[in-house]
Each structure stands twice: as structure tokens, then as C-alpha cells.
K.L.:
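My questions all concern the structure below.
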Amino acid sequence: MIIRIDKSKLLSLLRFPRIPVPKVSGGVDLPQLMFRLVKTFRPNILVHKISMFYDDFIGNLNNQLYSKIVVSGTSPSYTVQNSVMTVTNNTGASSEEYLVIAPPRIPVLALRLKVVSHTATLGSNWGNAMVVLAKDAGNRYLFLYDTSLRRFAFYRAVAGSGTEVWTYTIDLTPPYQLIMLLVGKVFMFFYEKNGVITYLGSYKETAVDLLDPAVLQSYRVGFGQLLSNGVSITYDEFEYYIPPGLGLRDPTLVVAKDGAPVIFNNKVFLTFTSAGLDVDSSYTTLWSLDLRTYEMRLEAVIVTRDPSNGKLYTDHAGQIVYDEDAEEYIYLISGWGRQAYKGGACRMVAGRTKIDLLNERILILDARELSLPLDTANNQFDPWLYYDSNAGKWRLAYASPFGVVAVAENTDPTSATGWSLVSSLSVSGGEATKMVVVNGKRYILFGCNDVASRMCFADYPTLANRGSINVDKTPHTTTQATSPPHPMIIPIPYGA
């Protein structure tokens, strides 16, 4: 969506009335902070859902809204009754078939299938339900439960050659749900039984480049079954959605160029890293936080596109800044997704857009790598961007590498070159850089490992007068040297 309203109206919508700077005690020191717990969050961004299978579903099958991929045997029969769908194989031989609908736009997705019942006998014959990412019979990924072998399996076929590359043995009877996530090139497998979701395992694709949009979008998502003759299986629901991640880290406030929070409908917005199993399986999401109810909602998923090769990367640990003068958004993201698949060190990536990032659901943003000061063979990450009107330049706080906090400046924050160093500070565990204003004075916040709270601050822009942040409850107490907390302070209106 392109912003088409005039500047004064836009500022009124996004930023005013401006939130006052909190009046706190302690002079230039940061006050003791108190945590507020968020209440709820929307669990996913729905892309496609077949819920409580409806009578016209069969008509849509015949009208090819859903395409069939027949792998073996003859197509079984489909019936819908009492809002569930039953697939029955009375063809005289086994039958394997998938129903697929939509090509994924980005390499971040989840598929969920609710299995109500089947007539197969464990250890004897097939009543195998599966969620699929498939191009055709010779190119497909299947997460399934095999009733004959009493195990979960992930089946991978490329160019006609297929095999099970992962298995997990367990006796399982319906009802249950199959859940498969894909992030980047990492498949993750779960099942739900009696309201409990269990993680089973994962598989990383190394041969097929699912980061290439042309390759990814040649596949389609769906579900299906392998049935022995005389066996039927009943489904209740199938969903294709964008998941919130296995956990959240790297909270970073969406701000205007002067650091004031962007506020819309009494909500602030934050980017998070939606964590997976590791760097390879994490990605960026955008969330809203209601200042009255403390309710968080998943608003969008963000992937970056590398202009040099057109590939989509699940970069994460980033920030969004609204530049009201240019009427556009600037985004800087740590290039962890690129580092995972291209190798080498993590580099910051950046870009700008007039798309209204706060009102979209799936965001594909062009971003190129920046050449920042202290660029070595180590990583650079965790950006916080601010326009310093006194200096007449954009200033960027970041970690470079782990254990060093730095400030650099440039006239163009998305320029690959032209950055100069303002200051740097070596600190044990230094990362997670942020900025905040307290009593009219700007500070840089960062994680650290050598104080009790493991959260620190220093003067902006010199990084002098380092101190520690006192909190009523330390959020992270481990002494693991590679994982300090990521502080994020949000100024809110009085009485909120």
C-alpha cells in the first residue's frame, strides 16, 4: 500500500499527540524498571484454511480450485458429511494422492492437518495422513504418520528420486494433528494430541534452493493420504498459515527518525526475531502492543530480498524507522538469514520503502548489505537508527562484533558505503543495542555479562559513563556468555 495522504495528516495519524518523556528520579541515571506482562497474542497469520469441510468442497475439487497430484494407484472417493471430509479407497489397490492449492510466496510457512479417524490397523496397513509441499509426483516433501510402520516420517523426492530422510517411532491413534513448519530451508515437525503440541525433529534441505522465489513458487501446499485398499480416513481441518515462531527475542520499537515511538490506535509496534531452532530457522515478525491492555498481536512477517541474486532471506534482529520528511520507512536488519546460507560473517542489510509496513501481512523488502566501521571477519548486528539533527546525520548503534558496541554515522542510512565511526566500547557480552531518552538525555542500551541484571547503558553518542540497569526481576539469569538479555524500554503516556 502506497501512502497517499499529506504529511500533516500522516504525522497526526502516526505520532501525535507526542508521548511525553517520563519524569523519573535519579538524575542522569536510569531508574529501576518494572516489567508488565503481555496478555495474549494472535497465534498466526492465516493464508488459507479449510475449516469444518463444507459440502461445496467436492464441487471445488471438480472445478480444480484444488489440484490433485496422484502418486500411485487410482484416485479415492471424497465425501463430506457433518462438516468433516472422509476419503475412502475402494479401488482394489493402494492409493496415494494429494490435494494442493497455493504456491507459497515466502520461505516461511506452517501447515496443519486435523485427523479425526481412520480405519487402518497399526502395524498392518496404510492409513497415512500427510501435509505436503509438492510440485509433482517426482518433486515433493511430505510429513506423515505411517500406520504400517508406526512412525512419523519426512519423505523427500527430488527429480523422481525419493526416500525417507527422517523418522520418529511412536504409536499414535486419532484424533491428532500434523504440523509442519518451513523457515528458509529448514523443515520442523510437530504433532498435537490432547491439546499438547510436541516437537519431533527437523530436516535441512541442501540441494533444492527454496530461497529462490521461482523454485519455491513452483511448489504448492496441501495435504493428502496413502491408503491401503479398503481403508478410509477422515479430516476435520487444514490450515496454511504464517506461524509466530517457537519463541520471541530481539524486541525493537518502531520509531520516527527522532526516536519517538510510532503510535497508531493507541498501539506501539515492535519487530521481533521469531526464533526457530537456530539462526537458520528464525525470521523477522512485526507485532503490535496495545498500551491500554498490554495485548500483543502478530501483524506481519518480513523477509528480505537480495537485489544481487533475487533470493529471499529470513534475516532477523532488525529495526523499522519512519522518516516523516521523506514519507517512507527505513529498515535495517541483521543479515543472519544470508549468513546462514551464503556463509561468511553476518552483515547489516538495509533499504527503504513507501509501502505502509504497519498495514501489510506478508512483506518482501529489498535490502542490500552495508559496509560499516569495524568490519572484520566477525559479525555485525542489532541495529538502532536515529537521525541526530544536531549532527545533521543518521547515527547507527550496533554490535560489531559480539563484545563491542559501536556508533557510526552517514548522510544516507541505506547507503552501502560512506559510514564513519563515532565511538565504540568493548564490553563483555555487548550486543542488543537500543536507544532511549530519560530526563531529556539520550542513552544507548545494550546487553552485557558482567553485571547482575546483564543489561547496561552508556551516554550517547560517546558511549562514556557506562552503568547498569536495575530491574525488579532479572529476565535472564544464566551465565551463558553468548546470551545476554536484550533491553527495550517503551515510553508510554501517563496513566496508561
Side-chain angles (χ1 to χ4, degrees), residues 18-33 250-262 268 270-271 317-323 330 332 334 348 350 370 372-374 380-401 403-413 419-448 450-451 453-471 484-491:
R18 179 182 294 275
I19 290 180
V21 175
K23 302 300 182 183
V24 298
S25 62
V28 297
D29 195 5
L30 289 173
Q32 180 166 328
L33 304 177
D250 304 327
T252 307
L253 193 62
V254 177
V255 296
K257 63 189 296 185
D258 63 356
V262 169
V268 294
L270 300 101
T271 57
Q319 184 198 23
I320 295 174
V321 177
Y322 184 70
D323 182 353
I330 298 168
L332 293 94
S334 309
M348 212 82 69
L370 305 184
L372 297 172
L374 306 180
Q380 297 181 311
F381 49 96
D382 294 349
W384 183 279
L385 184 67
Y386 161 68
Y387 183 75
D388 191 321
S389 57
N390 293 324
K393 292 183 179 181
W394 291 89
R395 285 185 165 166
L396 174 67
Y398 60 104
S400 178
V404 176
V405 176
V407 178
E409 64 181 13
N410 203 339
T411 55
D412 180 358
W419 292 90
S420 58
L421 185 66
V422 176
S423 61
S424 65
L425 174 67
S426 295
V427 55
S428 174
E431 64 170 8
T433 42
K434 307 286 192 298
M435 290 189 193
V436 67
V437 175
V438 177
N439 290 342
K441 182 176 174 63
R442 189 170 302 275
Y443 298 90
I444 295 177
L445 310 181
F446 49 92
C448 54
D450 52 2
V451 299
S453 69
R454 304 187 71 210
M455 293 185 288
C456 300
F457 68 93
D459 291 347
Y460 166 86
T462 62
L463 290 171
N465 300 317
R466 179 191 162 192
S468 62
I469 302 175
N470 299 317
V471 295
H486 286 217
M488 181 71 255
I489 298 174
I490 303 174

K.L.:
Shortest non-hydrogen contact from Gly447 to Ala432?
P.N.:
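Nearest pair, atom of Gly447 first, then Ala432: N-CB, 4.0 Å.
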
K.L.:
Restricting to side-chain hydrogen bond (donor to acceptor under 3.5 Å, both in side chains), what partner residues turn up for Asp250, sequence neighbours left out?
P.N.:
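For Asp250, the residues satisfying side-chain hydrogen bond (donor to acceptor under 3.5 Å, both in side chains) (neighbours in sequence not counted) are Thr273, His486.
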
K.L.:
Rounded to the nearest 0.5 Å, how far apart are CG of Leu425 and OG1 of Thr462?
P.N.:
9.5 Å

K.L.:
In Å, rounded to the nearest 0.5 Å, how long is the span from CG of Leu370 to CG of Asn410?
P.N.:
8.5 Å

K.L.:
For a quick test of reading the model, state the closest non-hydrogen atom pair linking Ile469 to Cys456 and the distance between them.
P.N.:
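The answer is CD1-O, 3.7 Å.
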
K.L.:
In chain order, what residues pass the side chain to side chain contact (heavy atoms under 4.5 Å, CB included) check against Asn465, with sequence neighbours excluded?
P.N.:
Asp459

K.L.:
For the atom pair CG (Leu445) and CH2 (Trp384), what is the distance rounded to the nearest 0.5 Å?
P.N.:
8.5 Å

K.L.:
So, for Asp382 and Met348, which heavy atoms are closest and what is the spacing to 0.1 Å?
P.N.:
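Heavy atoms only, the tightest pair is N-SD, 4.4 Å.
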
K.L.:
Using the rule given for side chain to side chain contact (heavy atoms under 4.5 Å, CB included), can you reason through Tyr386 versus Gln319, listing the C-alpha separation, both sets of side-chain angles and the distance that settles it, and then say yes or no?
P.N.:
CA-CA 11 Å; Tyr386 161 68; Gln319 184 198 23; over 6 Å; no

K.L.:
In Å and rounded to the nearest 0.5 Å, what is the NZ to CG distance from Lys257 to Asp323?
P.N.:
4.0 Å

K.L.:
I want to check something: taking the side chain as every heavy atom from C-beta on, are Leu253 and Lys434 in contact at a cut-off of under 4.5 Å?
P.N.:
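Side chain of Leu253 against side chain of Lys434, heavy atoms only: no contact under 4.5 Å found.
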
K.L.:
Give the minimum heavy-atom separation between Pro261 and Val268, together with the two atoms involved.
P.N.:
CB-CG1, 4.2 Å

K.L.:
Going by the rule side-chain hydrogen bond (donor to acceptor under 3.5 Å, both in side chains), which residues pair with Ser400 if we only count those two or more places apart in sequence or in a different chain?
P.N.:
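Ser400: side-chain hydrogen bond (donor to acceptor under 3.5 Å, both in side chains) contacts with Gln380.
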
K.L.:
Could you tell me which residues satisfy ring pair (Phe, Tyr, Trp, His ring centres under 6.0 Å) with Trp419, sequence neighbours excluded, listed by chain and number?
P.N.:
none

K.L.:
Can you measure from CD1 (Ile320) to CD1 (Ile330) and round to the nearest 0.5 angstrom?
P.N.:
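These two atoms lie 11.5 Å from each other.
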
K.L.:
Of all the heavy-atom pairs spanning Ala406 and Leu463, show the shortest one and how long it is.
P.N.:
CA-CD1, 4.2 Å

K.L.:
Report, one line per pair, each donor and acceptor closer than 3.5 Å where one atom sits in a side chain of residues 392-399; sequence neighbours left out.
P.N.:
{"residue": "Lys393", "atom": "NZ", "partner": "Glu409", "partner atom": "OE2", "Å": "3.4"}
{"residue": "Arg395", "atom": "NE", "partner": "Glu409", "partner atom": "OE1", "Å": "2.9"}
{"residue": "Arg395", "atom": "NH1", "partner": "Asp388", "partner atom": "OD2", "Å": "3.2"}
{"residue": "Arg395", "atom": "NH1", "partner": "Tyr460", "partner atom": "OH", "Å": "3.4"}
{"residue": "Arg395", "atom": "NH2", "partner": "Glu409", "partner atom": "OE1", "Å": "3.0"}
{"residue": "Tyr398", "atom": "OH", "partner": "Pro373", "partner atom": "O", "Å": "2.9"}

K.L.:
Nearest heavy-atom pair of Pro383 and Ser334: which atoms, and what distance?
P.N.:
CD-OG, 3.6 Å

K.L.:
Please check: side-chain N/O of Thr271 versus main-chain N/O of Gly318, any donor-acceptor pairing under 3.5 Å?
P.N.:
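Checking the backbone N and O of Gly318 against the side chain of Thr271, a donor-acceptor pair under 3.5 Å is found.
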
K.L.:
Using only atom types and a distance under 3.5 Å, with no angle test, would you say the side chain of Ser428 pairs donor to acceptor with the backbone of Asp450?
P.N.:
no

